[in-house]
2 protein chains.
Amino acid sequence: MLFSTATGYALRALAALPEDGTYCLAKDLSSRLGLPGPYLAKILQGLVQADILASVRGPKGGFRLTRPAHRITVGEVVAAMEGPEAMEGCVMGFPSCNGENPCPLHDAWSAVKSQVSSSMTQATIRDLQLMDIRHKKEAKERVPNSPQP
Amino acid sequence: MLFSTATGYALRALAALPEDGTYCLAKDLSSRLGLPGPYLAKILQGLVQADILASVRGPKGGFRLTRPAHRITVGEVVAAMEGPEAMEGCVMGFPSCNGENPCPLHDAWSAVKSQVSSSMTQATIRDLQLMDIRHKKEAKERVPNSPQP
DNA sequence: CGAAAAAAGCATTCCAGAATCCTTTTTCTG
DNA sequence: CAGAAAAAGGATTCTGGAATGCTTTTTTCG
Ligand code: FES
Ligand code: FES
């Protein structure tokens, strides 16, 4: 899936945070998204250190975005989660991917890398929020009223 | 790295096999490539079942390609190793990657997928052999004579 | 101030992929 | 046929990421 599952969780959690500065509980997020609770908590803490989230402890505390959603790029989040060296190395797993001794997929892969990373610096958390909205709307249309027993 | 390390090993091993039908020992391959011996052996066995390699047991036995190198595509090897479902799923790890509710990277990623998979069906083991030759030649030029103590 | 709420931090468990070891089967050679 | 060489097959260990639990610190509120 190209990135680690933790990165996916981070993106989903960020997209689920409210856009105003309200603080939001980790537990709340995890239950809303159906993600493993303590694991998500740890991920959120990491995002705090990357200055993507701000947190306050104690009652009334929680997590919130440090910036408006459209100012946080997907690339930034991926870098924070995966480290700066993500997407390095040869697609085929050959040792050392450099122009010197390219594997047959090297050119295609280089194009891919630049394409993905440019898309990632374009896309922001705001875009993910929109996606989520679409998701919910669609679900609502599909099942007009679904009682929760 | 997009694919598993085993897939990388498989590709490297296939590229290292002689083009004539000579049988080649697993142990020989592993030592030549510096790959973990028994692990490579198991990988080779898998390639036999995928009809990419043929093997014969006993003395004078070993592994060989079932077809000329230029008739074995990289895509075929990847499929044999990773299963047919490789490269499915959303780049960002969102559940279900379909056109219905695309994530912001979906279009870029779709392009990537088709590009990579078409490159993979174009490239053959023969191309990998050429890469290897380049590799060796280059090393030789760099170190004209390197005694092995 | 004291109790409760919540994040922070740390150790631990779980699990799949990576790698190793050992036994069995096949085939060649003397 | 006997023995050795080599792949085939299965069980096992190792390892890093995924996930969980527990304790500590900070903050709010009565
Ligand atoms: S060498 Fe394979 S992707 Fe660059
Ligand atoms: S939905 Fe993310 S890549 Fe298709």
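Note that this is a predicted model, so its numbers are computed, not measured. Every chain is numbered from 1, with letters handed out A, B, ... down the list of sequences.
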Side chain to side chain, [X] and [Y], heavy atoms closer than 4.5 Å:
X        : Y        : answer
B:Leu14  : B:Ile52  : yes
A:Met120 : A:Val78  : yes
A:Pro104 : B:Met131 : yes
A:Lys42  : A:Tyr9   : no
A:Ile125 : A:Arg71  : no
A:Leu29  : A:Leu44  : yes
A:Arg12  : B:Phe94  : yes

Roughly how many Å is it from [atom1] in [X] to [atom2] in [N], rounded to a whole number?
X       : N      : atom1 : atom2 : value
A:Leu35 : D:dA19 : CG    : P     : 9 Å
B:Leu40 : D:dG9  : CG    : P     : 16 Å
B:Ile43 : D:dA8  : CD1   : P     : 13 Å

Protein-nucleotides 4-7 of chain C N/O pairs closer than 3.5 Å?
unit_1	atom_1	unit_2	atom_2	d
C:dA6	O4'	A:Gly58	O	3.3
C:dA7	OP1	A:Ala26	N	3.1
C:dA7	O3'	A:Ser55	OG	3.2

At less than 4.0 Å, is any side-chain N or O atom of B:Tyr39 found next to OP1 or OP2 of C:dA18? Yes or no.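 For C:dA18, OP1/OP2 do have a side-chain N/O of B:Tyr39 under 4.0 Å.
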I'd like to know if the side chain of B:Ser4 pairs up with that of B:Glu82 as donor and acceptor (distance under 3.5 Å, no hydrogens or angles considered). yes
Counting heavy atoms not belonging to B:Arg67, are there more than 12 under 6.0 Å from its CZ? yes
B:Arg64/B:Glu19 ion pair, N-O < 4.0 Å: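 Not counted as a salt bridge, because no side-chain N and carboxylate O are separated by less than 4.0 Å.
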Protein-nucleic acid N or O pairs under 3.5 Å, nucleotides 10-16 of chain D:
unit_1	atom_1	unit_2	atom_2	d
D:dG10	O6	B:Lys42	NZ	3.3
D:dA11	N6	B:Lys42	NZ	3.1

Give B:Gln49 one of three labels, base, sugar-phosphate or nothing, depending on what nucleic acid heavy atoms sit under 4.0 Å from its own.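 Here B:Gln49 touches the backbone only, sparing every base.
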Just call it for B:Pro38: base, sugar-phosphate, or nothing, with non-hydrogen atoms closer than 4.0 Å on any strand.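 B:Pro38: base contact, heavy atoms under 4.0 Å.
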Is there a residue in residues 2-12 of chain A whose heavy atoms reach under 4.0 Å of DNA chain C, and which residues are they? none
Any chance you could measure B:Glu88, atom CD, to B:Ser96, atom OG, to the nearest 0.5 Å? 11.5 Å
